[in-house]
A.B. asks: 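Below: one structure in structure tokens.
Below, each value reflects all heavy atoms present in this structure, side chains not excepted, and no hydrogens, waters or symmetry copies.
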Amino acid sequence: MIAIVSHDSGGAEILSSWLCHHQVPCCLVLDGPALHIFKRKLGAFEIHSLERAIELSDWVLCGSSWQSDLEKQAISQAKVAGKKIIVFLDHWTNYLDRFQLNGVTIFPDEIWVGDVNAKKIAQNIFPDINVVLQPNLYFKDILDDLSGAQNRPHNPKKCCVLYVCEPIREHALLQYGDERYWGYTEEDALEFFFHNLGALGEIISEIKIRPHPSEIDGKYYWAKQKSSLVTETEGNKSLVEQIMEADVVVGCESMAMVIGLLAKKRVISSIPMGGKTCSLPHAEIEHLQALVKKNQEILNA
């Protein structure tokens with residue numbers, strides 16, 4: 001029996017796909033965006049309290065969160081109960097922060113990652129913890145969805161951009177007490193993108209903005225006032241559907257950008273000047289800062 005603990009969307013996508021493929025007996029401890037994601041993939045299920053799930057389980061598998069302490073509490077309580085605890089890291093950033101609970105660092109017995117880049121990063125940060133490379137079954141599911149989806153024929157005169165958002169300001173404020181800890185907010189990045197559309201070298205006909213699953217409804221309504229090209233500010237379709245309808249995927253360092261790469265789309269990071277370096281280790285990602293500088297050099301030549 002496994003206790004599976006999840007709150008944030010990134011970890012929930014990976015753990016729910018893992019569970020769909022393995023079909024093992026489990027106790028689910030879910031909250032936040034994970035509730036919707038598990039329901040979408042698994043249908044109806046019973047929710048357990050963390051204490052009860054750990055009591056019933058032989059070992060514990062969880063994601064990691066910035067919005068919630070749920071998974072951190074799972075690590076702490078599993079250790080007290082003498083149960084093996086494994087964390088599946090779903091991203092390539094802020095690894096240490098994922099194990100800070102009330103100012104104390106608390107580590108799992110083992111860390112799972114879904115790709116070679118993440119393994120290298122995790123082994124460097126956590127030299128004393130066993131880091132295991134596992135198949136990223138969420139990516140496998142995405143690739144299966146992409147293979148059956150209708151791709152958008154590229155029209156050089158009509159470029160559709162999907163802009164994928166992240167709650168950067170909320171994350172920085174919660175984690176560090178400073179919403180500009182990383183030198184920019186999600187609004188800054190979107191404004192930077194709007195101001196430098198020409199640097200993409202495309203004739204942009206439409207911009208669709210997809211909020212992060214944890215963001216509130218209406219957060220990006222203001223974007224329609226900033227650019228007449230914005231036609232959507234809500235994620236009313238699945239991520240795969242929206243990516244397949246787009247020619248270019250733009251964001252800061254969202255997992256959705258990596259899904260864009262899987263779909264063989266052009267992907268651009270919109271982190272503005274003065275912001276932290278994009279932490280996604282994928283060489284195929286372009287950077288709007290570099291495109292802007294290149295354009296300026298051409299104009300000044």
A.B. asks: Looking at Cys252, is its backbone amide N or carbonyl O close enough to the side chain of Ser269 to form a donor-acceptor pair, meaning the two atoms are under 3.5 Å apart?
C.D. replies: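 Pair found, side chain donor or acceptor close to backbone of Cys252.
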
A.B. asks: Roughly how far, to the nearest 0.5 Å, is the OH atom of Tyr184 from the NZ atom of Lys276?
C.D. replies: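 Atom-to-atom, Lys276:NZ and Tyr184:OH are 5.5 Å apart.
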
A.B. asks: In sequence, state the C-alpha distance, the side-chain angles, and the governing distance for Leu137 and Ile14, and then conclude on side-chain contact (heavy atoms from CB on, under 4.5 Å).
C.D. replies: CA-CA 7 Å; Leu137 296 173; Ile14 287 180; over 6 Å; no

A.B. asks: Could you tell me which non-hydrogen atom of Phe38 sits nearest to which non-hydrogen atom of Ala12, and how far apart they are?
C.D. replies: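 Heavy-atom minimum between the residues: CE1-O, 3.7 Å.
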
A.B. asks: Do Glu206 and Thr231 pair up side chain to side chain, a donor and an acceptor below 3.5 Å, judged on atom types alone?
C.D. replies: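 Side-chain D/A pair, Glu206 to Thr231: present.
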
A.B. asks: Does Leu288 share a hydrophobic cluster with Ile203, counting links as ILVMFWY side-chain heavy atoms below 4.5 Å and allowing steps through other members?
C.D. replies: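 Different clusters.
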
A.B. asks: Do the side chains of Glu245 and Cys160 get nearer than 4.5 Å, heavy atoms only?
C.D. replies: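 A side-chain contact is absent here, since even the closest heavy-atom pair is not under 4.5 Å.
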
A.B. asks: Between Val131 and Ala122, which heavy-atom pair has the shortest distance, and what is it?
C.D. replies: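 So the minimum-distance heavy-atom pair works out to CG1-CB, 3.9 Å.
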
A.B. asks: Quick one: closest heavy-atom pair of Pro211 and Ile209, and the distance?
C.D. replies: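 Smallest heavy-atom distance, with atoms named: CD-O, 3.6 Å.
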
A.B. asks: Could you check Gln73 against Ser76 for side chain to side chain donor-acceptor pair (under 3.5 Å), going step by step and ending with a plain yes or no?
C.D. replies: CA-CA 5 Å; Gln73 293 286 359; Ser76 177; 5.0 Å; no

A.B. asks: Does some side-chain heavy atom of Ile207 sit less than 4.5 Å from a side-chain heavy atom of Ser227?
C.D. replies: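 A side-chain contact under 4.5 Å exists here.
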
A.B. asks: Can Gln100 and Gln175 be counted as having a side-chain donor-acceptor contact under 3.5 angstrom?
C.D. replies: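 Distance-only check fails for Gln100 and Gln175.
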
A.B. asks: Just jot down the salt bridge (charged side-chain N to carboxylate O under 4.0 Å, His left out) partners of Lys226, sequence neighbours excluded, or say none.
C.D. replies: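 Listed in chain order: Glu191.
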
A.B. asks: For Trp182 and Tyr176, I'd like to know if the aromatic rings sit close, meaning centre-to-centre distance below 6.0 Å.
C.D. replies: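 Yes - the distance between ring centres of Trp182 and Tyr176 falls below the 6.0 Å cut-off.
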
A.B. asks: Rounded to the nearest 0.5 Å, how far does CG of Leu174 lie from CD of Glu179?
C.D. replies: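 The CG atom of Leu174 is 12.5 Å from CD of Glu179, to the nearest 0.5 Å.
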
A.B. asks: Dump the intermediate steps for side-chain contact (heavy atoms from CB on, under 4.5 Å) on Asp109 and Trp59, then the final yes or no.
C.D. replies: CA-CA 11 Å; Asp109 298 305; Trp59 60 285; over 6 Å; no

A.B. asks: What closest approach, in Å, do Arg169 and Glu186 show between heavy atoms, and which atom pair accounts for it?
C.D. replies: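 Taking every non-hydrogen atom into account, N-OE1, 2.6 Å.
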
A.B. asks: So do His7 and Pro33 actually touch side chain to side chain, heavy atoms under 4.5 Å?
C.D. replies: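 They are in side-chain contact.
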
A.B. asks: What about Phe99 and Phe126, are their ring centers closer than 6.0 Å?
C.D. replies: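 Under 6.0 Å, so yes.
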
A.B. asks: Which atom names give the shortest non-hydrogen contact between Gly260 and Val249, and what distance separates them?
C.D. replies: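 It is CA-CG2, 4.2 Å.
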
A.B. asks: So does Glu202 pair up with Lys158, basic N to acidic O under 4.0 Å?
C.D. replies: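 A salt bridge is absent here (no side-chain N lies under 4.0 Å from a carboxylate O).
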
A.B. asks: Can you measure from CD (Glu215) to OH (Tyr220) and round to the nearest 0.5 angstrom?
C.D. replies: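 Rounded to the nearest 0.5 Å, the CD-OH separation comes out at 3.5 Å.
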
A.B. asks: What I'd like to find out is whether the side chain of Ser214 reaches to under 4.5 Å of the side chain of Pro167, using heavy atoms alone.
C.D. replies: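 Touching, per the 4.5 Å side-chain cut-off.
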
A.B. asks: Can you tell me if NZ on Lys84 sees more than 12 non-hydrogen neighbours from other groups inside 6.0 Å?
C.D. replies: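 Not buried by this count: 12 neighbours or fewer within 6.0 Å.
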
A.B. asks: Dump the intermediate steps for side chain to side chain donor-acceptor pair (under 3.5 Å) on Glu71 and Ser64, then the final yes or no.
C.D. replies: CA-CA 6 Å; Glu71 290 94 339; Ser64 60; over 6 Å; no

A.B. asks: Determine whether Leu101 and Val104 satisfy the following criterion, side-chain contact (heavy atoms from CB on, under 4.5 Å), listing intermediate values before the conclusion.
C.D. replies: CA-CA 5 Å; Leu101 179 63; Val104 177; 5.6 Å; no

A.B. asks: Out of curiosity, does Leu35 fall in the hydrophobic cluster containing Leu61 (side-chain heavy atoms, cut-off under 4.5 Å, transitive links)?
C.D. replies: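 Same cluster.
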
A.B. asks: So, do His48 and Leu56 sit near enough that their side-chain heavy atoms are less than 4.5 Å apart?
C.D. replies: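 When only atoms from C-beta onward are counted, Leu56 and His48 do touch, with a gap below 4.5 Å.
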
A.B. asks: Where the side chain of Asn136 meets the backbone of Phe139, is there a donor-acceptor pair that is under 3.5 Å apart?
C.D. replies: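 Yes, because the side chain of Asn136 sits within donor-acceptor range (under 3.5 Å) of the backbone of Phe139.
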
A.B. asks: Look only at the side chain of Ser57 and the backbone of Ile54, and say whether a donor-acceptor pair between them is shorter than 3.5 Å.
C.D. replies: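 Side chain of Ser57 to backbone of Ile54: a pair is present.
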
A.B. asks: Flag the pair Ile86 / Val60 as yes when at least one side-chain heavy-atom distance between them is below 4.5 Å, and no otherwise.
C.D. replies: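 With C-beta onward as the side chain, the pair stays apart.
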
A.B. asks: Test your reading of the model: is there a side-chain donor-acceptor pair from Ser16 to the backbone of Glu13, 3.5 Å cut-off?
C.D. replies: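 A pair under 3.5 Å: yes.
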
A.B. asks: Taking the side chain as everything from C-beta on, heavy atoms only, tell me whether Phe194 gets closer than 4.5 Å to Val230.
C.D. replies: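 In short, these two side chains touch, coming nearer than 4.5 Å.
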
A.B. asks: For Asp141 and His21, which I'm curious about, is there any donor-acceptor pair between the side chains at under 3.5 Å?
C.D. replies: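 Yes, side-chain donor-acceptor contact under 3.5 Å.
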
A.B. asks: Sub-3.5 Å donor-acceptor pair from the side chain of Lys79 to the main-chain atoms of Phe107, do we have one?
C.D. replies: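 Yes.
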
A.B. asks: Considering all heavy atoms of both residues, which atom of Pro108 and which atom of Ile85 are nearest to each other, and what is their separation?
C.D. replies: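 Closest heavy-atom pair between Pro108 and Ile85: CB-O, 3.5 Å.
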
A.B. asks: How many angstroms lie between atom OG of Ser270 and atom CD of Glu286, to the nearest 0.5 angstrom?
C.D. replies: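 One finds 12.5 Å between OG of Ser270 and CD of Glu286.
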
A.B. asks: Do the side chain of Asp247 and the main chain of Val161 share a donor and acceptor less than 3.5 angstrom apart?
C.D. replies: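 A pair under 3.5 Å: no.
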
A.B. asks: Look up atom NZ in Lys41 and atom CH2 in Trp18, then write down how far apart they are to the nearest 0.5 Å.
C.D. replies: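 Going from the NZ atom of Lys41 to the CH2 atom of Trp18 covers 13.5 Å.
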
A.B. asks: Same cluster or not: are Val116 and Val132 linked, directly or through other Ile, Leu, Val, Met, Phe, Trp or Tyr residues, by side-chain heavy atoms under 4.5 angstrom apart?
C.D. replies: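 Val116 clusters together with Val132.
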
A.B. asks: Distance-only, no hydrogens or angles: does the Glu234 side chain make a donor-acceptor pair with backbone N or O of Gly218 under 3.5 Å?
C.D. replies: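 Checking the backbone N and O of Gly218 against the side chain of Glu234, a donor-acceptor pair under 3.5 Å is found.
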
A.B. asks: Output yes when a side-chain donor or acceptor of Arg210 lies under 3.5 Å from a complementary backbone atom of Lys237, and no otherwise.
C.D. replies: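 Side chain of Arg210 to backbone of Lys237: a pair is present.
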
A.B. asks: Nearest 0.5 Å please: distance from the CG atom of Leu262 over to the CG atom of Asp145.
C.D. replies: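 Nearest 0.5 Å value for the CG-CG distance: 11.5 Å.
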
A.B. asks: Can you give the donor-acceptor pairs under 3.5 Å from side chains of residues 87-94 to other protein atoms, not counting sequence neighbours?
C.D. replies:
{"from": "Asp90", "atom 1": "OD1", "to": "Arg98", "atom 2": "NH1", "distance (Å)": "3.4"}
{"from": "His91", "atom 1": "ND1", "to": "Thr93", "atom 2": "OG1", "distance (Å)": "3.2"}
{"from": "His91", "atom 1": "NE2", "to": "Glu253", "atom 2": "O", "distance (Å)": "2.9"}
{"from": "Trp92", "atom 1": "NE1", "to": "Asp115", "atom 2": "OD1", "distance (Å)": "3.2"}
{"from": "Trp92", "atom 1": "NE1", "to": "Asp115", "atom 2": "OD2", "distance (Å)": "2.9"}

A.B. asks: Examine Val267 and Phe192 and state if one hydrophobic cluster contains both, with Ile, Leu, Val, Met, Phe, Trp and Tyr joined whenever side-chain heavy atoms are less than 4.5 Å apart.
C.D. replies: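 No, because Val267 and Phe192 fall into different hydrophobic clusters, even though each may have its own neighbours under 4.5 Å.
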
A.B. asks: Show your working on side chain to side chain donor-acceptor pair (under 3.5 Å) between Asp144 and Ser147 and close with a plain yes or no.
C.D. replies: CA-CA 5 Å; Asp144 289 343; Ser147 67; 5.0 Å; no

A.B. asks: With clusters defined by side-chain heavy atoms of hydrophobic residues (ILVMFWY) lying less than 4.5 Å apart, directly or transitively, does Val258 cluster with Trp112?
C.D. replies: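 Hydrophobic grouping puts Trp112 with Val258.
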
A.B. asks: Determine, stepwise, if the pair Val292 / Met273 fulfils side-chain contact (heavy atoms from CB on, under 4.5 Å).
C.D. replies: CA-CA 10 Å; Val292 170; Met273 307 294 185; 4.2 Å; yes

A.B. asks: Would you indicate whether the side-chain heavy atoms of Cys26 and Leu19 approach each other to under 4.5 Å?
C.D. replies: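 Side-chain contact under 4.5 Å: yes.
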
A.B. asks: Could you tell me whether the side chain of Lys265 and the main chain of Ala246 form a donor-acceptor pair under 3.5 Å?
C.D. replies: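 Present.
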
